[in-house]
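First the structure, in the form of structure tokens, and then the observations on it.
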Amino acid sequence: MTEHAPVSAAMHRAKADARASHVTVGLVRNLPGDREEIDCSCGMTLANGPQWSLDEHIRLHRAEARYLALSQVAPAGMPRIIPVDPERLPR
């Protein structure tokens, strides 16, 4: 049996910071034309669209924030699905 190493402190902290930096703020605003929007604590306005719900936009936004935060601290050379530039951010 192999021993599993815990998640590095840098990656754990990056994920936690991303989660804390991207929370919805206030109430959902119902706009004309079945539009809905809500603000994120990062300053971006999240909204539904013609083919996605507000919930889907919130989930994607949070996932992107986690991915970017983890990409910044991931070890260079770690195999990746999405190619990264020298600063280790997705292209």
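If you're wondering where the values come from, they're calculated on a predicted model, not measured in any experiment. In this chain, residues are counted from 1 in sequence order.
- Side-chain atoms of L31 and E36, non-hydrogen and from C-beta on, never get closer than 4.5 Å to each other.
- The shortest side-chain heavy-atom distance between D17 and R13 falls under the 4.5 Å cut-off.
- The shortest distance between side-chain heavy atoms of Y67 and I82 falls below 4.5 Å.
- Nearest heavy-atom pair, S41 versus S21, reported as atom, atom and distance to 0.1 Å: OG-O, 2.9 Å.
- Looking at heavy atoms from C-beta onward, I58 lies in side-chain contact with I38 at the 4.5 angstrom threshold.
- For R19, the side chain to side chain contact (heavy atoms under 4.5 Å, CB included) partners at least two apart in sequence or on another chain are K15, A16.
- Interatomic distance, CG of L70 versus CD of Q72, reported as 9.5 Å (0.5 Å rounding).
- In terms of heavy atoms, A14 sits closest to V73 at CB-CG2, 3.8 Å.
- Side-chain contact check for D39 versus R29: some heavy-atom pair is nearer than 4.5 Å.
- Using a cutoff of 4.0 Å between basic side-chain nitrogens and carboxylate oxygens, R59 and D55 are scored as salt-bridged.
- Contact detail for T45 and H57: the closest heavy-atom pair is O-CE1, 4.2 Å.
- Under the 4.5 Å side-chain heavy-atom criterion for grouping Ile, Leu, Val, Met, Phe, Trp and Tyr, V28 is not connected to V23 through any hydrophobic cluster.
- The two residues C40 and V25 make their nearest non-hydrogen contact at C-CG2, 4.0 Å.
- A donor-acceptor pair shorter than 3.5 Å can be found between the side chains of R80 and S71.
- Evaluation of the ring-ring contact (aromatic ring centres under 6.0 Å, His included) rule for H61 yields H22 as partners, not counting sequence neighbours.
- Judged purely by distance below 3.5 Å, without hydrogens or angles, the side chains of N48 and S53 never pair a donor atom with an acceptor atom.
- Expressed to the nearest 0.5 Å, how far CG of L46 lies from CD of E56 amounts to 13.0 Å.
- With sequence neighbours excluded, no residue forms a side chain to side chain contact (heavy atoms under 4.5 Å, CB included) with D34.
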